[in-house]
Colleague: 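There's a structure below that I have some questions on.
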Amino acid sequence: MKYIALLDCNNFFVSCERLFRPDLLGKPVVVLSSNDGCVVARSKEIKDRGIGMGVPYFQIKDTLNEIGATVFSSHFALYRDVSRRVFEVVRTCQSEIEQYSIDECFFTFESYDPHTLVAAIKQQVEQEVGIPVSIGVASSKTQAKYVNTVAKKTTGIAIWGEEEWERAAADIRLSEIWGVGRGRARQFDEKGIRTVADLLKCSRSRIDALFGIEGVRLQAELRGEPVLGIKASRPLQKSLMSTRSFAKETSDYDVLLNAIKYHLYQVVKDLESMDAKTNVIRVMITPSRYGDYAFYGASKEALLTAPTRDLFTLQQAAVGLLKQCFNPEVPYKKAGVVLSGISSTEAETGSLFDNFESADNNGKNSLSATIFSINKKHGKPLVQLGSVSGTNKKWESRKDAVSPSYTTSWSDLKVVRT
DNA sequence: TCTGGGGTCCTAGGACCC
DNA sequence: TCTGGGGTCCTAGGACCC
């Protein structure tokens, strides 16, 4: 039999924090989003108390205090590093694997004894990395996603064939299915289609007429006919972004300018490490989603004449876009930069004007590249363009309870005494 | 006072062209 | 001065995901 599995780390960010704080095993732990805004990961003890995902921190601060929960700010460098270790182990067991997110991967396999096979993978990850995982096995990605949630509620492993689906289909609401969000759930609901069984009962042509190709795909996947393949080698990322909320709202152009320059630096640094270039840059500044100015956000895009990763060229474009977006009346809460049209350096076609600009461009590119290599060497941004200074960081976010960089910084290494 | 960030894919609607 | 439909491209924004 051919199977598709989804391996998912259990409350991943919490598990990462516990790796270095084993005293917190079995105790209530939460991890907050950046800016310490809302809850993004909860230990079982927290879930059992009915504290939801994405709840604003300020609303539950008191409750968390009362129950003695440990609270962490998010620490992505640590989570990325642990993630890398998890998938390294899975890769040694399975060849066809698609890393889907920081804590999940799909893989396919053929076996007459799927349980033994996935149990071995689960055990190996837990022993070698120390992160608990759950594995759901079925016939398509969409099925495997759901079966994984079943696994989480039971032993950490669930394997469903046709019989299990037939038995459960009438009790699974479509809103619980991967790819069906609020909007689509409502569309289905309006036609009286509420459960997986309801959807499977419809004829393909009716689904096609009502919901188009997306609906047909969903139906096939839930029937166990895989239409979404495993993407073992991921193509080049299509876009890169850096955005962040401010601790306090601002209408000060210079503060926004500083934030935009900071975010640009972050995304260009990523471009540099991918050895890629961009030809589309977007700048966005937005007010709070919850206030009176919710609809006063602005975002502007510019197409560049040729792919580049030169900080000077991109900064010039970014500043121009910011000026178009900026309205001094609006209290901004967030700023960000998005690069798209990403291409690898090898696949470069070059601009018609390259010959005229090349001397200039080379000079700029190498200066831009030099800035990144110096900063990389020192592990912090010593050299910056313009006024991205340490003193004018009013736009920075809050991070009150971040854990030490146990795995990515020498100075934060744990000391073991014997 | 306080309510995340990083992605992909799809589409509405205007500009422009024939 | 009035007469049109059809196509593409682009931007901005939304749905959905983790």
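Numbered from 1 within each chain, the chains take letters A, B, ... in sequence-line order.
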Colleague: Under 4.0 Å, heavy atoms only, any strand: does Arg282(A) hit a base, just the sugar-phosphate, or nothing?
Modeller: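 Base contact.
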Colleague: Pick the nucleotide of DNA chain B nearest each of Thr243(A) and Gly37(A); which residue has the one closer to the 5' end?
Modeller: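 Closest to the 5' end, via its nearest nucleotide, is Gly37(A).
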Colleague: Under 30°, 30 to 60°, or over 60°: which ring-plane class applies to Tyr406(A) and Phe20(A), parallel, tilted or perpendicular?
Modeller: parallel
Colleague: What's the separation between atom OG1 in Thr195(A) and atom NZ in Lys201(A), rounded to the nearest 0.5 Å?
Modeller: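 Those atoms lie 6.5 Å apart.
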Colleague: Any salt bridge between Glu272(A) and Lys269(A), counting N to O under 4.0 Å?
Modeller: no
Colleague: Within the 4.0 Å heavy-atom criterion, would you say Asp103(A) contacts the bases, only the backbone, or no part of the nucleic acid?
Modeller: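 Sugar-phosphate only.
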Colleague: Here's a test for you: under side chain to side chain donor-acceptor pair (under 3.5 Å), which of Asn148(A), Asn10(A), Asp8(A) qualifies with Ser134(A)?
Modeller: Asn10(A)
Colleague: Nucleotide range of DNA chain C contacted by chain A, 5' to 3', under 4.0 Å to a heavy atom?
Modeller: dT11(C) to dC18(C)
Colleague: Scan Val338(A) against the nucleic acid and name what it touches under 4.0 Å (heavy atoms): base, sugar-phosphate only, or nothing.
Modeller: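 It contacts nothing in the nucleic acid.
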Colleague: By the 4.0 Å heavy-atom rule, please label Lys399(A) as base, sugar-phosphate, or nothing.
Modeller: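 No contact.
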Colleague: Could you check whether Ser288(A) gets within reach of a base, just the sugar-phosphate, or nothing at all, counting any heavy atom under 4.0 Å?
Modeller: nothing
Colleague: Between Arg309(A) and Asp275(A), does any side-chain N to carboxylate O distance fall below 4.0 Å?
Modeller: yes
Colleague: Toward the 5' end of DNA chain B, which comes first, Met241(A) or Asp36(A), by nearest nucleotide?
Modeller: Asp36(A)
Colleague: Given that both distances must come in under 3.5 Å, which nucleotide forms a Watson-Crick or G-U wobble pair with dC16(B)?
Modeller: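 The base-pairing partner of dC16(B), which may sit in any strand shown, is dG7(C).
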Colleague: Checking Tyr79(A) against Phe76(A) for the ring pair (Phe, Tyr, Trp, His ring centres under 6.0 Å) test, could you report, in this order, the C-alpha distance in whole Å, the side-chain angles of both residues, the deciding distance, and whether it holds?
Modeller: CA-CA 5 Å; Tyr79(A) 310 149; Phe76(A) 277 96; 5.7 Å; yes
Colleague: Which ones in residues 50-89 of chain A lie close to DNA chain C, meaning a heavy atom under 4.0 Å from one of its atoms?
Modeller: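 Output list: empty, so none.
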Colleague: Enumerate donor-acceptor pairs with a distance under 3.5 Å from any side-chain N or O in residues 326-338 of chain A to protein atoms, sequence neighbours excluded.
Modeller:
{"unit_1": "Asn327(A)", "atom_1": "OD1", "unit_2": "Glu329(A)", "atom_2": "N", "d": "2.9"}
{"unit_1": "Tyr332(A)", "atom_1": "OH", "unit_2": "Asn327(A)", "atom_2": "N", "d": "3.0"}
{"unit_1": "Lys333(A)", "atom_1": "NZ", "unit_2": "Phe246(A)", "atom_2": "O", "d": "2.9"}

Colleague: By the 4.0 Å heavy-atom rule, please label Ile102(A) as base, sugar-phosphate, or nothing.
Modeller: nothing
Colleague: Flag the pair Lys122(A) and Glu126(A) as a salt bridge only when some basic side-chain nitrogen lies within less than 4.0 angstrom of an acidic carboxylate oxygen.
Modeller: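 Between Glu126(A) and Lys122(A) there is a salt bridge, with a charged N closer than 4.0 Å to a carboxylate O.
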Colleague: Answer yes or no: is there an ion pair linking Glu88(A) with Arg84(A), defined by an N-O contact shorter than 4.0 Å?
Modeller: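 A salt bridge is present here (some side-chain N lies under 4.0 Å from a carboxylate O).
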Colleague: If you look at every strand shown and take non-hydrogen atoms under 4.0 Å, does Leu303(A) touch a base, only sugar-phosphate, or nothing?
Modeller: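 Contact class for Leu303(A): sugar-phosphate only.
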Colleague: Determine the interatomic distance between C1' on dC16(B) and the same-named atom on dG4(C); round to the nearest Å.
Modeller: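 Going atom to atom, C1' in each nucleotide, I get 15 Å.
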